[in-house]
Amino acid sequence: MKKILMAAASAVLACGIGFAAVGCGTNGDIVVISRESGSGTRGAFMELIGLEDNELVAGADEANSTDVVTSSVEDAEKAIGYISLGSLDTSRVKAVQVDGVDASVANVKNDTYKLSRPFNVAWKKGSTNELRDDFLKYVASEQAQTIISADYIFNVEDAETYTPAELSGTLTIGGSSSVTKLMQALAEGYMELNDGVTITVTQSDSGTGMTDAASGSIDLGMASRALKDSEKEKLESTAIALDGIAVIVNKENPCTNLTVEQLKKIYNGEAKNWSDVDVTFPEK
């Protein structure tokens, strides 16, 4: 499997010289873009389409962040990828329907769009941190609901108004790139209400976020999936939002809808050409 660490420049170059690190596909061949091993989005997506993580098709391009997936699909006409619904930029890529249902917050909320997963934050079991606890109180507040509900589903009913506790200090948060965008917005909202607080949010992946939180090297870890049993032994956690996973294709791709079964065949390698999932590219 190929690793993609840089996005647009390498993709454009590949399209100019033929199939390379990202590639454009030839004769309708599908360019499969996945997230890297350890990504919560990858773990959730593979589970939702009925595949084990090790069943990912050999030769799939593995991207190390949400933005790299978007850039790779944007620059490769026959590519397919998956990203957080909250990070979808429809000016760059196109989200296809899944089983005839649009990828939208409303459809995740009414449970008609089936590709969804929780956003979790976790901290070292038994640890005490007054600032962390106050930040989590803010995350569950009415003010935070306004931020979360813009792109995600807020999972706390009857949220209360947050009142600043007049604390000071530094909070470190790290992990999932899918959760990073939301966490940065929440951190900014909290710091606006608490002048003496600095929150640093760093991006990696869900597995790293959980490992770092368990070791105590960060105060909060972010995961775009449910915690594993082995992680629950070392961590306490709470869900902060529910997010959809958008399946994205290039804007020139005529595909508008894929079934879960077709996605499974694309990502396990059974479907190698777009024609295998009933998509025909116009001749040029």
Could you tell me whether a side-chain N or O of Asp205 sits under 3.5 Å from a main-chain N or O of Thr208, the two making a donor and an acceptor? yes

Under the side-chain contact (heavy atoms from CB on, under 4.5 Å) test, which residues partner Glu166, sequence neighbours left out? none

I'd like a table of donor-acceptor pairs (distance under 3.5 Å, sequence neighbours excluded) in which one partner is a side-chain atom from residues 210-220, with atom names and distances.
{"from": "Thr211", "atom 1": "OG1", "to": "Gly207", "atom 2": "O", "distance (Å)": "3.0"}
{"from": "Ser215", "atom 1": "OG", "to": "Asp212", "atom 2": "O", "distance (Å)": "2.9"}
{"from": "Ser215", "atom 1": "OG", "to": "Ser217", "atom 2": "N", "distance (Å)": "3.3"}
{"from": "Ser215", "atom 1": "OG", "to": "Ser217", "atom 2": "OG", "distance (Å)": "3.1"}
{"from": "Ser217", "atom 1": "OG", "to": "Asp212", "atom 2": "O", "distance (Å)": "3.1"}
{"from": "Asp219", "atom 1": "OD1", "to": "Asn129", "atom 2": "ND2", "distance (Å)": "3.4"}
{"from": "Asp219", "atom 1": "OD2", "to": "Thr172", "atom 2": "N", "distance (Å)": "2.8"}
{"from": "Asp219", "atom 1": "OD2", "to": "Thr172", "atom 2": "OG1", "distance (Å)": "3.2"}

Could you tell me if the side chain of Val57 sits less than 4.5 Å from the side chain of Tyr267, heavy atoms only? no

My understanding is that only residues two or more places apart in sequence, or in another chain, count here; which of them pass side-chain hydrogen bond (donor to acceptor under 3.5 Å, both in side chains) with Thr163? none

Scan residues 245-271 for pairs that pass salt bridge (Lys or Arg N to Asp or Glu O under 4.0 Å), counting only residues two or more places apart or in two chains. none

Please determine whether residues Tyr138 and Phe119 belong to a single hydrophobic cluster, defined as Ile, Leu, Val, Met, Phe, Trp and Tyr linked transitively by side-chain heavy-atom distances below 4.5 Å. yes

Contacts of Glu231 meeting side-chain hydrogen bond (donor to acceptor under 3.5 Å, both in side chains) (sequence neighbours excluded), chain-then-number -> Arg225

Could you pull out all residues at least two apart from Tyr152 that satisfy side-chain hydrogen bond (donor to acceptor under 3.5 Å, both in side chains)? none

Taking side-chain contact (heavy atoms from CB on, under 4.5 Å) as the test, write out the residues that go with Ser275, two or more places apart. Asn273

With Lys125, which residues qualify under salt bridge (Lys or Arg N to Asp or Glu O under 4.0 Å), at least two apart? none

Gln143 side-chain N/O to Gly189 backbone N/O, donor-acceptor pair under 3.5 Å: no

Scan for salt bridge (Lys or Arg N to Asp or Glu O under 4.0 Å) pairs involving residues 175-204, sequence neighbours excluded, and state none if there are none. Asp151-Lys181

For Leu48, check side-chain contact (heavy atoms from CB on, under 4.5 Å) against everything at least two apart and list the hits. Leu115, Ile245

Just to verify, what does Asp243 make a salt bridge (Lys or Arg N to Asp or Glu O under 4.0 Å) with, not counting sequence neighbours? Arg117

Trp274 versus Cys255: any side-chain heavy-atom pair under 4.5 Å? yes

Any side-chain heavy atom of Arg92 sitting closer than 4.5 Å to one from Val73? no

Evaluate Ser224 against Ser176 for side-chain hydrogen bond (donor to acceptor under 3.5 Å, both in side chains), listing each step before the verdict. CA-CA 6 Å; Ser224 55; Ser176 169; 3.2 Å; yes

Ile199 vs Gln184 side-chain heavy atoms within contact, under 4.5 Å: no

Using the rule that Ile, Leu, Val, Met, Phe, Trp and Tyr join whenever any side-chain heavy atoms are under 4.5 Å apart, tell me whether Leu186 and Leu171 fall into a single cluster. yes

According to side-chain hydrogen bond (donor to acceptor under 3.5 Å, both in side chains), who are the partners of Ser237, at least two apart in sequence or on a separate chain? none

Is the backbone of Ala44 close enough, under 3.5 Å, to the side chain of Glu47 for a donor and an acceptor to pair up by distance? no

Is the shortest heavy-atom distance from the side chain of Tyr82 to the side chain of Arg35 under 4.5 Å? yes

Can you tell me how the ring of Phe135 sits relative to the ring of Tyr190, calling it parallel under 30°, perpendicular over 60° and tilted otherwise? perpendicular

Would you say the side-chain atoms of Asn250 pair up with the backbone N or O of Ala79, donor to acceptor, closer than 3.5 Å? no

Tell me whether Glu62 is salt-bridged to Arg42, with the criterion being a basic N under 4.0 Å from an acidic carboxylate O. yes

Verify, without hydrogens or angle tests, whether Lys94 (side chain) and Asn253 (backbone) share a donor-acceptor contact under 3.5 angstrom. yes

Taking the side chain as everything from C-beta on, heavy atoms only, tell me whether Leu51 gets closer than 4.5 Å to Phe45. no

